[in-house]
Chemist: 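To start, I am sharing the structure in question, which I have written as structure tokens.
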Amino acid sequence: MNCECTQHAATNDSERKTLRIALCLNSMMFIVGMAAGLWAQSTGLMADALDMLADASAYALGLIAVNRSATFKKNSARWSGAVLLLLGLGIVVEVARKWLHGSDPQGLIMMVFALLSLFVNVYVLRSLSKFRQGEVHLRATWIFTKVDVIANLGVFASGVLVHIEGWRLADLVIGVLIGSYVIKEAAEILQSSNRTEVKIRSRK
């Protein structure tokens with residue numbers, strides 16, 4: 001019994017440490033990314049920065065959920081999914097606004113920040129990979145970070161097109177793609193939390 005308790009405590013400590021680091025890094029990158037997105041007039045960068053904010057929220061909820069009940073963890077994942085869904089819809093709305101009113105994205109700034117974000121997110125994703133098959137609130141954080149890595153690659157590619165080819169539409173295209181992917185991943189998290197709820201009810 002003591003061995004099991006010690007192992008459980010060690011696991012919780014590992015979860016907390018990983019989530020704290022991820023929370024700090026993503027909060028910092030949200031601030032930097034939003035500033036860069038506004039400076040570069042880039043929908044893709046702002047979408048990427050908002051995705052970082054959603055990640056930070058997921059990590060904070062994950063920290064709160066450690067040692068809590070299965071119901072609390074399920075609700076934490078559901079809240080994270082709802083935030084991500086709203087984020088995805090917001091990105092699509094922003095792309096439509098830029099399409100109607102125009103923008104002048106700066107490709108070089110997009111490329112630099114995308115690479116910086118990519119390094120941060122790959123590090124966080126590797127740290128979270130040990131939890132990808134864990135409880136629902138931890139799976140949600142892993143999914144969030146996976147979305148970020150894909151988004152970073154997309155923003156970098158669009159930055160190259162804007163900077164070298166002068167194709168400003170690339171920024172709006174990547175904005176739509178990131179928004180659509182974010183919505184898809186939000187649906188996956190919500191479905192996962194619903195399956196967890198069914199399991200909880202079946203045990204009662």
Side-chain angles (χ1 to χ4, degrees), residues 22-23 25-60 78-125 128 140-192:
L23 174 59
L25 288 174
N26 276 265
S27 298
M28 177 185 68
M29 293 305 297
F30 161 68
I31 296 172
V32 175
M34 186 56 68
L38 292 171
W39 181 23
Q41 298 184 46
S42 168
T43 303
L45 273 182
M46 287 190 286
D48 203 14
L50 287 172
D51 199 13
M52 290 281 197
L53 178 60
D55 284 358
S57 300
Y59 301 142
R78 181 171 291 174
W79 173 255
S80 298
V83 170
L84 196 58
L85 179 61
L86 290 175
L87 171 63
L89 293 173
I91 292 170
V92 173
V93 170
E94 177 64 13
V95 168
R97 189 186 72 80
K98 288 283 181 68
W99 173 267
L100 292 174
H101 299 286
S103 63
D104 185 23
Q106 304 298 310
L108 186 59
I109 299 174
M110 293 171 64
M111 292 162 61
V112 170
F113 178 75
L115 281 178
L116 177 60
S117 297
L118 180 63
F119 289 139
V120 171
N121 283 316
V122 167
Y123 171 78
V124 174
L125 187 66
L128 291 171
T141 61
W142 187 84
I143 291 173
F144 267 69
T145 310
K146 183 180 69 172
V147 171
D148 269 0
V149 170
I150 295 172
N152 295 153
L153 293 171
V155 172
F156 181 80
S158 65
V160 171
L161 291 173
V162 171
H163 183 65
I164 296 177
E165 302 295 334
W167 190 40
R168 298 176 182 176
L169 189 62
D171 181 54
L172 299 181
V173 171
I174 194 59
V176 170
L177 292 176
I178 292 175
S180 300
Y181 190 78
V182 164
I183 291 171
K184 171 184 172 294
E185 294 301 305
E188 182 178 331
I189 292 172
L190 291 172
Q191 289 172 359
S192 179

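No experiment lies behind these values; they were computed from the predicted model shown. For the single chain, residues carry numbers from 1 onward in sequence order.
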Chemist: Grab the two heavy atoms, one from K146 and one from L125, that are nearest each other, plus how far apart they are.
Modeler: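 Between these two residues, the closest heavy atoms are N-CD1, 3.8 Å.
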Chemist: Any idea which heavy atoms bring F113 and G33 closest together, and the distance?
Modeler: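 Minimum heavy-atom contact is CZ-CA, 3.0 Å.
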Chemist: What closest approach, in Å, do S158 and I174 show between heavy atoms, and which atom pair accounts for it?
Modeler: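 Taking every non-hydrogen atom into account, OG-CG2, 3.4 Å.
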Chemist: Would you give the length of the straight line joining atom CG of L177 to atom CD1 of I150, rounded to the nearest 0.5 angstrom?
Modeler: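 So the gap between those two atoms works out to 11.5 Å.
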Chemist: Out of curiosity, I183 CD1 to L85 CG, how far, rounded to the nearest 0.5 Å?
Modeler: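 Reported value, rounded in 0.5 Å steps: 6.5 Å.
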Chemist: Could you walk me through whether N26 and D148 pass side-chain contact (heavy atoms from CB on, under 4.5 Å), step by step?
Modeler: CA-CA 10 Å; N26 276 265; D148 269 0; 3.6 Å; yes
Chemist: V176 versus L172: any side-chain heavy-atom pair under 4.5 Å?
Modeler: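 Side chain of V176 against side chain of L172, heavy atoms only: no contact under 4.5 Å found.
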Chemist: Do you know which two heavy atoms are closest between S117 and M29, and how far apart they sit?
Modeler: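 Closest approach of S117 to M29, heavy atoms only: OG-CE, 3.4 Å.
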Chemist: Any heavy-atom pair between the side chains of W99 and L169 that's under 4.5 Å?
Modeler: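 Yes; the side chains approach each other to less than 4.5 Å.
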Chemist: So which heavy atom on V162 is nearest to which on A170, and how close?
Modeler: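 Nearest pair, atom of V162 first, then A170: CG2-CB, 4.2 Å.
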Chemist: Would you say the side chain of M52 lies within less than 4.5 Å of the side chain of N121, judging by non-hydrogen atoms?
Modeler: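 Heavy-atom side-chain distance check passes, below 4.5 Å.
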Chemist: Could you tell me which non-hydrogen atom of D48 sits nearest to which non-hydrogen atom of A151, and how far apart they are?
Modeler: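 Looking at all heavy atoms of both residues, the closest pair is OD1-CB, 3.8 Å.
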Chemist: Quick one: pull up NE2 in H163 and CZ in F156 and give me the separation to the nearest 0.5 Å.
Modeler: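 H163 atom NE2 to F156 atom CZ measures 10.5 Å (nearest 0.5 Å).
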Chemist: Is the closest side-chain heavy-atom distance between L153 and L118 below 4.5 Å?
Modeler: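 Contact flag for L153/L118 side chains = yes.
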Chemist: Compute whether any side-chain donor of one residue and acceptor of the other, for S42 and D171, lie under 3.5 angstrom apart.
Modeler: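 Side-chain D/A pair, S42 to D171: present.
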Chemist: Find out whether P105 and M110 are in side-chain contact, i.e. whether some heavy atom of one side chain is under 4.5 Å from a heavy atom of the other.
Modeler: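 In contact.
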Chemist: Within the structure provided, determine whether L25 and Y123 are in side-chain contact (heavy-atom separation under 4.5 Å).
Modeler: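 SC-SC contact between L25 and Y123 confirmed.
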